[in-house]
J.: 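I have a structure here, written as structure tokens, and I will follow up with some questions on it.
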Number of protein chains: 2
Amino acid sequence: MTADGGTMPRPADPTDAVAPVESAAGEKVGDVVAAVRDGIVKGRFAPGQRLPEAELVTLFGASRGAVRSALAQLENEGVVLRERNRGARVREVSLAEAVEITEARSVVEGLCAAKAAARAGADDRARLHVLRDELHTAVDGADVVAYSRINQQVHRAIQEIARHSTAAQVLDRLRIQSVRYHYTVALLPGRPTVGLREHTAIIDAVCAGDPDAAEQTMRAHLLSVVESLHRLDAQQYRW
Amino acid sequence: MTADGGTMPRPADPTDAVAPVESAAGEKVGDVVAAVRDGIVKGRFAPGQRLPEAELVTLFGASRGAVRSALAQLENEGVVLRERNRGARVREVSLAEAVEITEARSVVEGLCAAKAAARAGADDRARLHVLRDELHTAVDGADVVAYSRINQQVHRAIQEIARHSTAAQVLDRLRIQSVRYHYTVALLPGRPTVGLREHTAIIDAVCAGDPDAAEQTMRAHLLSVVESLHRLDAQQYRW
DNA sequence: GGCAACCAGATTGTTAACGATTTGCGCGCC
DNA sequence: GGCGCGCAAATCGTTAACAATCTGGTTGCC
């Protein structure tokens, strides 16, 4: 076993830059939570990597109590795993879990799409059309990173248009847990083309004010992501 | 304003008995969380009531740190609201929020029902049939409290049969937030009869192994609960 | 009599030190 | 040489005291 005890973290992405986080007075725990979560999402902290309290204290300059509260919250959010007297580790989400998460997302985002279709105003439609065009150019230019980013923006836009705070909370939580798979799926050959077609259908249904069609297309889209995850599994792809 | 500062708690249910919670070694925070959550669900702590740390310390015999962690977790679960330097209060969920929560439940429980229909074995079907019969006798006997209890057991059984841990987590969280409305809906005139019919349809669909029918009936059932909530609103019913 | 500043009590936030548990390593025994 | 035991370092959990903040009532002034 290696010195740090856990799964060997692979080299961090070149796109990290640490973000020292100015501990604004009275928001320490929130800052630490955001910083650690961001580190997990961005790949600075690898799945299975240990997160000793002392290390986070020196990293973020926060007190141990703050770090402790932050870890408790992150555990509650499902991105960190803690064992008594054994410390905290970045939780490893299996492919099976990612499938479950995406299935759950499919129904909740379906609800959001339906609500968005019912509530979308002219400005909302304009916003979605902009995103649709941006997605189109990204796919045309084979810009996978841009595709992935705008992809997420589409989902977030529909979520915001739906104005359903409960669904929004649930979705934020679910997305954080499976974020690391999003890029992977986007990298599958042909995925951007399929995704573009599906997103276009969703946007059209929402803008047409058809809740049923919006829900169905959104669900179909995320179930196709589930299919892609299974394909990943078939390829023995592992983190 | 009264001495305790918050909304006046109505007299607690006769069914509380405090549950002093034997602080088993190494599970203090979990115990406090469970105790406070239970107190909120059972009505010992009313919505809006203040929850001073010192009071919880004396109530449960836990250290202040444990109480503090527990409150943080309860805040994260959405049943407690905390303001900086102003302490914690039991969160008041509005009827609009209860509607949102039930809408979210409808789609996620729909997913569970579909999965349950696909995965139910003979023992699962037997379990559901027992619950169906118990629900029937409860409604025949006009036993509203039994109806409400078995009602929840049906939902929980389907959730367990679905074996979808992500959906289960989401649902546990959502149910806790809106628990106090469950009894109220069950008390609406004619509600047990309607609920019985709907639950029977759900159980039949799950036992028939028809995922689509199971999902549709479950969604229809919870949307009918949403309708009941709106009727509550029309009656100017307030907590 | 009304209003504003102020002071005391209560409550929460923070920090530091102490105690308990686990883990890795070295030593001795078989 | 392999295996089990025990010690020491590291890490987490808990407690207690201190500091900062808010609330409510009181007092003095206009």
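Letters A, B, ... mirror the listed sequences (proteins, then strands); counts begin at 1.
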J.: Tell me the interatomic distance from A/R50, atom CZ, to C/dT22, atom P, rounded to whole angstroms.
T.: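 Nearest whole value for this atom pair: 14 Å.
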
J.: Strictly under 6.0 Å, is that where the ring centroids of B/H221 and B/H155 end up?
T.: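 Ring centroids of B/H221 and B/H155 are less than 6.0 Å from each other.
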
J.: Let me know the distance between CG of B/L51 and P of C/dA10, rounded to the nearest Å.
T.: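 Going from B/L51 (CG) to C/dA10 (P), I get 19 Å.
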
J.: Counting only distance, no hydrogens or angles, is the base of C/dG13 paired donor-acceptor with the side chain of B/R82 under 3.5 Å?
T.: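 No pair found.
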
J.: Which whole-number value in Å describes the distance from A/E83 CD to D/dC12 C1'?
T.: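 My rounded result for the distance is 12 Å.
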
J.: Any heavy-atom pair between the side chains of A/R37 and A/I176 that's under 4.5 Å?
T.: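 Yes - at least one pair of side-chain heavy atoms lies under 4.5 Å apart.
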
J.: Between atom CG in A/L56 and atom P in D/dA10, what is the gap in whole Å?
T.: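 Those two atoms, CG and P, are 18 Å apart.
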
J.: Distance-only, no hydrogens or angles: does the B/E53 side chain make a donor-acceptor pair with backbone N or O of B/G65 under 3.5 Å?
T.: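 Such a contact is absent between B/E53 side chain and B/G65 backbone.
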
J.: Quick check for you: among D/dT14, C/dT15, C/dT12, whose closest atom lies nearest to any side-chain atom of B/R68?
T.: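 Of the options given, the side chain of B/R68 lies nearest C/dT12.
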
J.: Any salt bridge linking B/E75 with B/R91? Criterion: basic side-chain nitrogen under 4.0 Å from a carboxylate oxygen.
T.: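 Between B/R91 and B/E75 there is no salt bridge, as every charged N stays at least 4.0 Å from the carboxylate O atoms.
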
J.: Could you check how far CZ of A/R84 sits from P of C/dT21, rounded to whole Å?
T.: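 To the nearest whole Å, that distance equals 8 Å.
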
J.: More 5' along DNA chain C: B/E53 or A/S63, using each one's nearest nucleotide?
T.: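 Looking at the nearest nucleotide for each, B/E53 comes out on the 5' side.
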
J.: For B/N85 and D/dC18, give me the distance from atom CG to atom P, rounded to whole Å.
T.: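 Roughly 20 Å, once rounded to whole Å.
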
J.: Figure out the CD/P separation between B/E75 and C/dT12, and round it to whole Å.
T.: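 In whole Å, C/dT12 P and B/E75 CD are 13 Å from each other.
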
J.: Output the single nucleotide from D/dG13, C/dT14, C/dT15 whose closest atom is nearest the side chain of B/R64.
T.: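 Taking heavy atoms from C-beta onward, the closest nucleotide is C/dT14.
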
J.: Respond yes when some side-chain nitrogen or oxygen of A/R86 is under 4.0 Å from OP1 or OP2 of C/dT23, and no when none is.
T.: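 For A/R86, the contact criterion (side-chain N or O under 4.0 Å from OP1 or OP2 of C/dT23) is met.
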
